[in-house]
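One structure below.
Any value given below was found using the heavy atoms of this structure, including those in side chains, with hydrogens, waters and symmetry copies removed. As the structure is a computational prediction, the values presented were derived from the model and not from experiment.
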Amino acid sequence: MNEDTPPIYRCFHPLVADAYTAVHHWLDSVDIAKGYKSIDPRKKWQKILQGEDLKSVAFQYYHLFPAHYFKAAHILENVVREDSLISWLRHKQRICILDIGCGAGAGTAAVIEAALILKEKGKISNDINIFAIGVDPNKFSILLYKQLMTKLKTSVVDKIGLEFVCVKSGFPEATLGIVQNLKKELNTFHIPCLSNILTIQLNVISPFSQGFRNQEEEYNELMKIDPEICDFLTEVPEEFGNAEAHAYKQIIEDVPVDTMHILTIATKNIEKYVQINTNSQITLEQRVREMANTLKNVIEKRHIIEQINDGNHEIFFKNPNSSYWKDKNRNKTGDPIKFYADFQTVWSADLAEDQDWNSVISLDNLSLAWARARNNLLREALFDETEMRLFELNRDARLEGLREQLCAYAKDVALTDERLSYKVPKNLTVSRPKGLSRLEEEILSVAIIQRLGDKASQLRGSSYAYRISRKYGHRDTEYLYEYWFKAYCYYMKKARHSASNYPNGTILKVDIESFYTKIVQDQLYEGLSKELTVSQRIRWLIRLLLSKDIDEHDLGQGITQGGIGSGFYANIYLTSIDAKFGSGNEWGVELHRYVDDMILIIPNSDDMDEIENILRNEL
C-alpha cells in the first residue's frame, strides 16, 4: 500500500454484524460463559488460547473472531476473486464449504458475506445455496458455530439458502464424518459428483503442528532408548501435513469431488503466544508452506494440484459492535493486521479420466449438436423461431454457459420441465401425442448421441432406424441420422429378401400400440446406461433428460415424440428383442426391426406359436 494512500477499512456486512451480536446476547444468558468479557488477555492469553471451556472459547470469539473473519473476507475478494465465486454460486446446486477448525464459523460467515454482496450488486440473479460443514474438536466451538449459523440462516433466508452441519472432531480424524455428510449431499440432489468444495483452514496450523510435534517427540524419545525400535514401528513420523493431505485425497475420491479449493490462513499477530517448535523458531508461515508442499506431493501422485496464490497480506478493519476492541473504545485497527495465506486448487483425476463426459461436453461437440438440433427443430411447425434466433445472436457464449451448467451438474441445465405438448393426426381416427422441448434439451440429446451413439448402433444389428449418419469428406453434416425414408426402404428390402429364402416359412409382423407412451423411463435409463457408457456423469445427464412427467402418460412412463433423441432412445429400448432373436438363435429366426415395427422371418412354421409367446413375454 502506498504510504500516501489512506487505508481501506473493512467492516461486517449488516446481516453478519447482527448475527455476531446476537450470539453475544445468547452467551450472556449462559451461566458457564458469564464473565468472559472481563478476562484480561494480557495476563492469561496463552491459557485462553489453549482453554477448552466455554468461557475461554467465548472470549476467543469476542476477541479474535472479527480478525479471522476479515482475513477470510480479504482473501475471498483479492485472491479467490469475484469471477470464481460467481462461477461457483450461480447454479442451483449448493456450493459446499468445509470450515476446518471453524473458529465459530468465521470462514463460512465470510463466504456468506461475499455471496450477499454479489446478490446486492446484481451480479448473481439466481438462487444461491450454501451447504457448510463446521469441523472442530472443541464442543464449545461447535456450539458457537451452530449459534452463529442459525442466526445467519434466519437473517439471510430471503437472499441465500443456507444449510449446515457440525463434525465435533479434529482434522484429519473428522474425515469419515465429512465424507458421510458430503455423500448425503450427493444423494439429496441426485448428482454424480460435487463440482466444487471450498475448504477454509483458519489458524489450524498450530494445532496441526502440535499434533505432529507430539508424535515426533515420542518417536525421538524411543529412539534414544532403543535405536533399533524404528525397525519395528509401523507409524514413523512423516512430513508435516502428511495425514491432512491424505485426508483431503480420501475426501476427493470417496465422495467424489471434481474440484477442491483449499485456503489456509496463518495469523502472525498471535504467533508469539503459540509454541510452534521446541527446538527451533519455525513460524506459522513456514508451517503453512510445509503443509502446502506436502499436500502437493501427496495429491500429485494421482490428481492435479495448482498453486493459485501464496503470500503475505495485511488488512485494516472497523471493529464491530460487541467485539473486544470496540468495547475498549477502539473503533478501527491502528496498525495493519498482517497474515500469510496459501490458496491451492485440486483437480480430480476421475474427472480428467472420464473421457466420455469430457467428449460430450466439449465446445466442439456442443457446437455440432447445436447445428443438428437447429436443423431438426426448423422442421417442426410449432417451434418458436424467435428463441432460436436469440440463441444464435450469442451462440458461443450460450454454449459456454451450457457447458458451465453441465460442469456444475445444474438440474435446470436443459429446462426439461418446459415443453409444449400437442397432437398430430396418425390416421382418420387416431392422433399421435407429440412434444416440443427447449432448444437446450435438444442440444444435449444430440451431444450424447453423436459421441456415444455409434457404440449402440453396432450392438443393434437387427434395427435399421436412427443410425448415425456417416461423415462425408471428413466433415460432420447438420444431419444426425441417416435419411429415414432411405433407411425404411432398406429395412423392407432386407425383410423381403430374407422372406424369399424361406418359401415354406412364416412371417410375423409386429407393431406395438402407442409404443412411445408405454416406455418405462427407468428401464430405458438402465438400457441406455448399459449400452452407451460407464460414466456416472453421462448417466446423470441421461436420467435428467428422460425423467419427466408427460401429459396423458402414466407416471414414470413415456418419452416425448418429436424430439431429436426420442427415436434413438426408443430404438435402444428394444435391444433385448434384438438379443433374443439375433444371429444364431435356436429357431433360426431372422429379425428385421424399424423401432417398434418388426418383421420376424420364421423358417419353421411349427415354431410360430412359441416365438409369438416369447415375443409377447419379452415385450
Side-chain angles (χ1 to χ4, degrees), residues 9-30 33 36-37 57-58 60-77 80 82 85-86 88-99 102-136 140-166 181 185 188 198 200 202 317-327:
Y9 286 86
R10 306 189 71 94
C11 59
F12 274 5
H13 186 282
L15 295 179
V16 177
D18 290 344
Y20 176 73
T21 300
V23 174
H24 280 296
H25 290 329
W26 175 81
L27 282 168
D28 290 338
S29 68
V30 180
Y36 73 94
K37 287 187 176 181
V57 171
Q60 290 183 51
Y61 178 74
Y62 178 49
H63 191 285
L64 296 176
F65 181 92
H68 295 344
Y69 174 92
F70 288 122
K71 291 167 200 163
H74 173 86
I75 296 300
L76 289 171
E77 180 182 338
V80 178
E82 195 174 78
L85 290 170
I86 290 172
W88 299 345
L89 293 168
R90 67 176 154 208
H91 301 298
K92 287 188 177 180
Q93 185 205 138
R94 297 192 295 204
I95 181 175
C96 295
I97 302 170
L98 293 185
D99 205 335
C102 60
T108 305
V111 176
I112 292 170
E113 178 192 84
L116 286 169
I117 291 171
L118 290 173
K119 265 283 194 182
E120 291 160 0
K121 287 181 177 179
K123 295 192 174 183
I124 295 182
S125 58
N126 60 276
D127 296 338
I128 292 178
N129 293 284
I130 293 174
F131 175 60
I133 302 177
V135 179
D136 202 293
F140 294 118
S141 290
I142 289 293
L143 184 62
L144 290 189
Y145 177 87
K146 183 258 182 185
Q147 288 294 322
L148 181 68
M149 291 301 111
T150 300
K151 306 295 183 187
L152 282 171
K153 181 177 179 178
T154 302
S155 60
V156 304
V157 67
D158 60 334
K159 302 175 185 294
I160 294 174
L162 173 63
E163 298 294 335
F164 64 93
V165 294
C166 306
N181 282 291
E185 184 74 359
T188 298
L198 174 59
I200 302 177
L202 274 168
F317 58 84
K318 296 179 182 179
N319 290 304
N321 290 333
S322 302
S323 68
Y324 174 85
W325 293 108
K326 185 75 171 181
D327 288 348

* Is there any salt bridge (charged side-chain N to carboxylate O under 4.0 Å, His left out) pair reaching into residues 103-116, and which pairs are they, with sequence neighbours excluded? -> none
* To do: Only counting residues at least two apart or in another chain, list the ones meeting salt bridge (Lys or Arg N to Asp or Glu O under 4.0 Å) with Lys318.
  => none
* **Set of residues satisfying salt bridge (Lys or Arg N to Asp or Glu O under 4.0 Å) with respect to Glu82, sequence neighbours excluded** => Lys121, Lys123
* Structure fact -> Those residues at least two apart in sequence (or on a different chain) that pass ring-ring contact (aromatic ring centres under 6.0 Å, His included) with Tyr61 are Tyr20, His24, Phe65
* Asked: Got a second to check how far Leu144's CG is from Met149's CE, nearest 0.5 Å?
  -> 10.5 Å
* To do: With sequence neighbours excluded, tell me which residues meet side-chain contact (heavy atoms from CB on, under 4.5 Å) with Glu185.
  => Arg94, Cys96, Phe131, Phe189, Leu194
* **Where Ala110 and Ala73 come nearest, the two heavy atoms and their spacing** => CB-N, 3.7 Å
* Please name all residues satisfying side-chain contact (heavy atoms from CB on, under 4.5 Å) with Asn319, sequence neighbours left out, ordered by chain then number. => Phe317, Ser323, Trp325, Lys326, Arg330
* **Donor-acceptor contact below 3.5 Å, side chain Ser29 vs main chain Trp26** => yes
* Partners passing side chain to side chain donor-acceptor pair (under 3.5 Å) against Lys146 (at least two apart in sequence or in another chain) -> none
* Taking the side chain as every heavy atom from C-beta outward, state whether Ile75 and Ile200 have any pair of such atoms under 4.5 Å apart. => no
* Who passes side-chain contact (heavy atoms from CB on, under 4.5 Å) against Ile160, sequence neighbours left out? -> Ile112, Ala115, Leu116, Ile128, Ile130, Val156
* Quick one: does Asn126's side chain have a donor or acceptor within less than 3.5 Å of a partner on Arg90's backbone? -> yes
* Asked: What's the shortest heavy-atom distance between Val16 and Leu152, and which atoms?
  -> CA-CD2, 4.0 Å
* **With Tyr324 via ring-ring contact (aromatic ring centres under 6.0 Å, His included) - residues at least two apart** => Phe59, Tyr62, His63
* **Those residues that, when tested against Ala132, pass side-chain contact (heavy atoms from CB on, under 4.5 Å) (two or more places apart)** => Ile97, Thr108, Tyr145, Phe164
